[in-house]
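Here the structure is laid out as structure tokens; the discussion comes afterwards.
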Protein chains: 2
Amino acid sequence: MTTGYTPLPETSTSDLVADRLRDAILAGDLKSGDRLIETDLAERFEISRGPVREAIRQLVPEGLVVLRRNRGAVVASPTLDDVLEVYAVRLSLGTVALQQAARVQTVASPQFQGAAKRLELLRNRSIQEDAQLMLEADLAFQDALLSLSQLPRMSALLAQSARDAASFVRMLGVTYDNTDHAALIQRHEVLLDAIRAGSPTAATGAWHQHIRATVEEFTRCYDDPDHTDISQHPLANLVLANTLEKP
Amino acid sequence: MTTGYTPLPETSTSDLVADRLRDAILAGDLKSGDRLIETDLAERFEISRGPVREAIRQLVPEGLVVLRRNRGAVVASPTLDDVLEVYAVRLSLGTVALQQAARVQTVASPQFQGAAKRLELLRNRSIQEDAQLMLEADLAFQDALLSLSQLPRMSALLAQSARDAASFVRMLGVTYDNTDHAALIQRHEVLLDAIRAGSPTAATGAWHQHIRATVEEFTRCYDDPDHTDISQHPLANLVLANTLEKP
DNA sequence: TGAATGTCGATTGTTAACAATCTGGCACTC
DNA sequence: GAGTGCCAGATTGTTAACAATCGACATTCA
């Protein structure tokens, strides 16, 4: 009895509520600026205000919610800068994580098999038809991949930033429907192959390409309210300028 | 009546409690494995359990406290790996932040002056005599310096990781008394000079040197309970191998 | 008219009591 | 003697009521 038993899910009420709120934001049911009123949510979930309060507090360090003392919580209003900054963080940390993953990972390990399996899921047609499921599967793969580094703190930060990026992009009005699934899956395959080959340089190169493509896809779909030229944006350049090693 | 009035501190009770707990951990009054019992703390602070609960919850994402459902909170027990990983994060993110800081920062700006002023504080003899004050001043300078990047999310992560590193080092039994103040201040001066000169390469180089020196100083003072050879430690190598561009 | 002030409803902050769960010890069984 | 079941105390999880605060509107007074 040593295999196959995962720990029981220790999810408290407030964790469940936090999950629901996160999902609602990611699905677009809660939009930037919407107020989160403890009493309302408590009634809706048929619980008391305590757990609701805790759930809201959880979302603050995640950047999804802004709290103002005595004035309650509202769904955050991320800006273009926020999105690009999150990608800059991912670019930076992911480079280290994948480098390490390529070094330490053995292809036969269950973790690697897990990552490969999640990529397989992404190829599934029925998943590709549901943007929400597709997004979840995408996040799950990236999380598994970056966890191969066996750097738990860094992986946690990367998982967090992946969710942040997805949420922020959604809050800025860009939906996952716009993504080119084939290209996304291809990039993921390149990443996994690099790890499989145990090549740190290939892995980081593939990662840079992935981030660059993701940011470019986002900037194409995002219609800036100030209609500034994104190619001139300093943060966009920060990300893009760093995505390729100088030759 | 427009000058000299800063906004009133909007610190809630739970924030105050969280600060006190954080300080207690950093000062060594709370050690790894110590239980944080809501009732006890509530009595000690002469408040009810609610705010205490919230304070404890705040410390969880910071990595200072571990929560197990229905079994309460205990002060975290970071390992050598945790410390080194935090420094790997700092190395990675700080490189980007300082690069950006060197690019965007004008020496005359109040932010730059603020950073310079904090470095000045560090030189103060009376501060150098109190390890706790010295640590605070050190953190304040690094925070100010990295904030020059005008990348708020990245700066927040860096500030967080700086506090994490300090706490973890303390929890592993290494105190700030062991640090070489003169060398520390010198490294900070080099960093500030690089920003002043507006040189991204000088700034990132100085940052790498700083992290390397910090990690080396820590590993010297830390007597590993497993007395493994730290120079053989994979994570230490991850940090140290990345601290200098290959020639 | 319009700026300053008072009041009210909505909402959060805090408290204290109650319910659920875990830990450790002890008796009991086999 | 190893394992199981059960109980009591300690501690967390949840609830509902009370207090404090904020924003908006009404009111006052120049």
Side-chain angles (χ1 to χ4, degrees), chain A residues 1-2 5-22 24-25 30-77, chain B residues 1-2 5-22 24-25 30-77:
Chain A
M1 56 161 285
T2 55
Y5 286 83
T6 83
L8 294 177
E10 296 204 351
T11 51
S12 64
T13 310
S14 59
D15 286 338
L16 291 174
V17 174
D19 288 344
R20 295 280 289 271
L21 293 178
R22 237 184 258 110
I25 291 173
L30 285 171
K31 299 184 219 315
S32 289
D34 284 357
R35 297 188 58 186
L36 297 176
I37 294 167
E38 295 176 1
T39 318
D40 288 0
L41 294 171
E43 277 180 20
R44 200 162 311 174
F45 291 124
E46 296 184 330
I47 55 177
S48 72
R49 277 177 53 212
V52 172
R53 243 179 113 79
E54 280 188 6
I56 291 175
R57 297 293 195 278
Q58 280 188 46
L59 302 181
V60 173
E62 298 181 17
L64 298 184
V65 158
V66 179
L67 217 54
R68 282 167 356 188
R69 182 165 158 76
N70 285 323
R71 281 192 260 168
V74 298
V75 178
S77 301
Chain B
M1 59 162 282
T2 56
Y5 285 83
T6 84
L8 293 176
E10 294 207 353
T11 52
S12 63
T13 310
S14 59
D15 286 339
L16 291 174
V17 175
D19 288 345
R20 295 280 289 269
L21 293 177
R22 235 183 260 112
I25 291 173
L30 285 172
K31 298 182 219 316
S32 289
D34 283 358
R35 296 187 60 186
L36 298 176
I37 293 167
E38 295 176 2
T39 317
D40 287 1
L41 295 171
E43 277 180 21
R44 200 161 314 173
F45 291 124
E46 297 183 329
I47 55 176
S48 73
R49 277 177 53 213
V52 173
R53 242 178 113 80
E54 281 189 4
I56 292 175
R57 298 294 195 277
Q58 280 188 45
L59 302 181
V60 173
E62 299 181 17
L64 298 183
V65 158
V66 179
L67 217 55
R68 283 167 354 189
R69 181 165 160 78
N70 285 324
R71 281 192 260 168
V74 298
V75 178
S77 302

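Order of the sequence lines fixes the chain letters, A, B, ..., with proteins taken first and strands second; residue numbering starts at 1 for each chain. Bear in mind the structure is a predicted one, so any value in this text is a computation, not a measurement.
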Are any non-hydrogen side-chain atoms of B:Asp34 and B:Ile25 less than 4.5 angstrom apart? no
Let me know the distance between CD of A:Glu38 and C1' of D:dT15, rounded to the nearest Å. 14 Å
Rounded to whole Å, the CZ-P distance (B:Arg68 to D:dT12) equals 12 Å
Residues of residues 42-54 of chain B with any non-hydrogen atom less than 4.0 angstrom from an atom of DNA chain C: list those, numerically ordered, please. B:Ile47, B:Ser48, B:Arg49, B:Gly50, B:Pro51
Separation of C:dT12 atom C1' from B:Asp15 atom CG, nearest Å, is 14 Å
Does A:Arg71 place a side-chain N or O at less than 4.0 Å from the phosphate oxygens OP1/OP2 of C:dT11? no
So B:Glu54 and A:Arg57, do their side chains get closer than 4.5 Å, heavy atoms only? yes
Which parts of nucleotides 5-10 of chain D does protein reach within less than 4.0 Å, heavy atoms only, written one letter per nucleotide 5' to 3' as B for base, S for sugar-phosphate only and - for none? ------
Could you tell me which residues satisfy side chain to side chain donor-acceptor pair (under 3.5 Å) with B:Ser48, sequence neighbours excluded, listed by chain and number? none
Any non-hydrogen side-chain atom of A:Val52 less than 4.5 Å from a side-chain atom of A:Leu36? no
Separation of D:dT12 P from B:Asn70 CG (nearest whole Å): 10 Å
B:Asp15 CG to A:Arg69 CZ distance, which is reported to the nearest 0.5 Å: 8.0 Å
Measuring only between side-chain heavy atoms, which start at C-beta, is B:Val17 closer than 4.5 Å to B:Ile47? yes
Validation row: A:Val65, A:Gln58 side chains within 4.5 angstrom (heavy atoms): no
Under 4.0 Å between a side-chain N or O of B:Thr13 and OP1 or OP2 of C:dT14? yes
Looking at every strand, decide which applies to B:Leu36 at a 4.0 Å heavy-atom threshold: base, sugar-phosphate, or nothing. sugar-phosphate
Are side-chain heavy atoms of A:Ile56 and A:Arg53 found at a separation under 4.5 Å? no
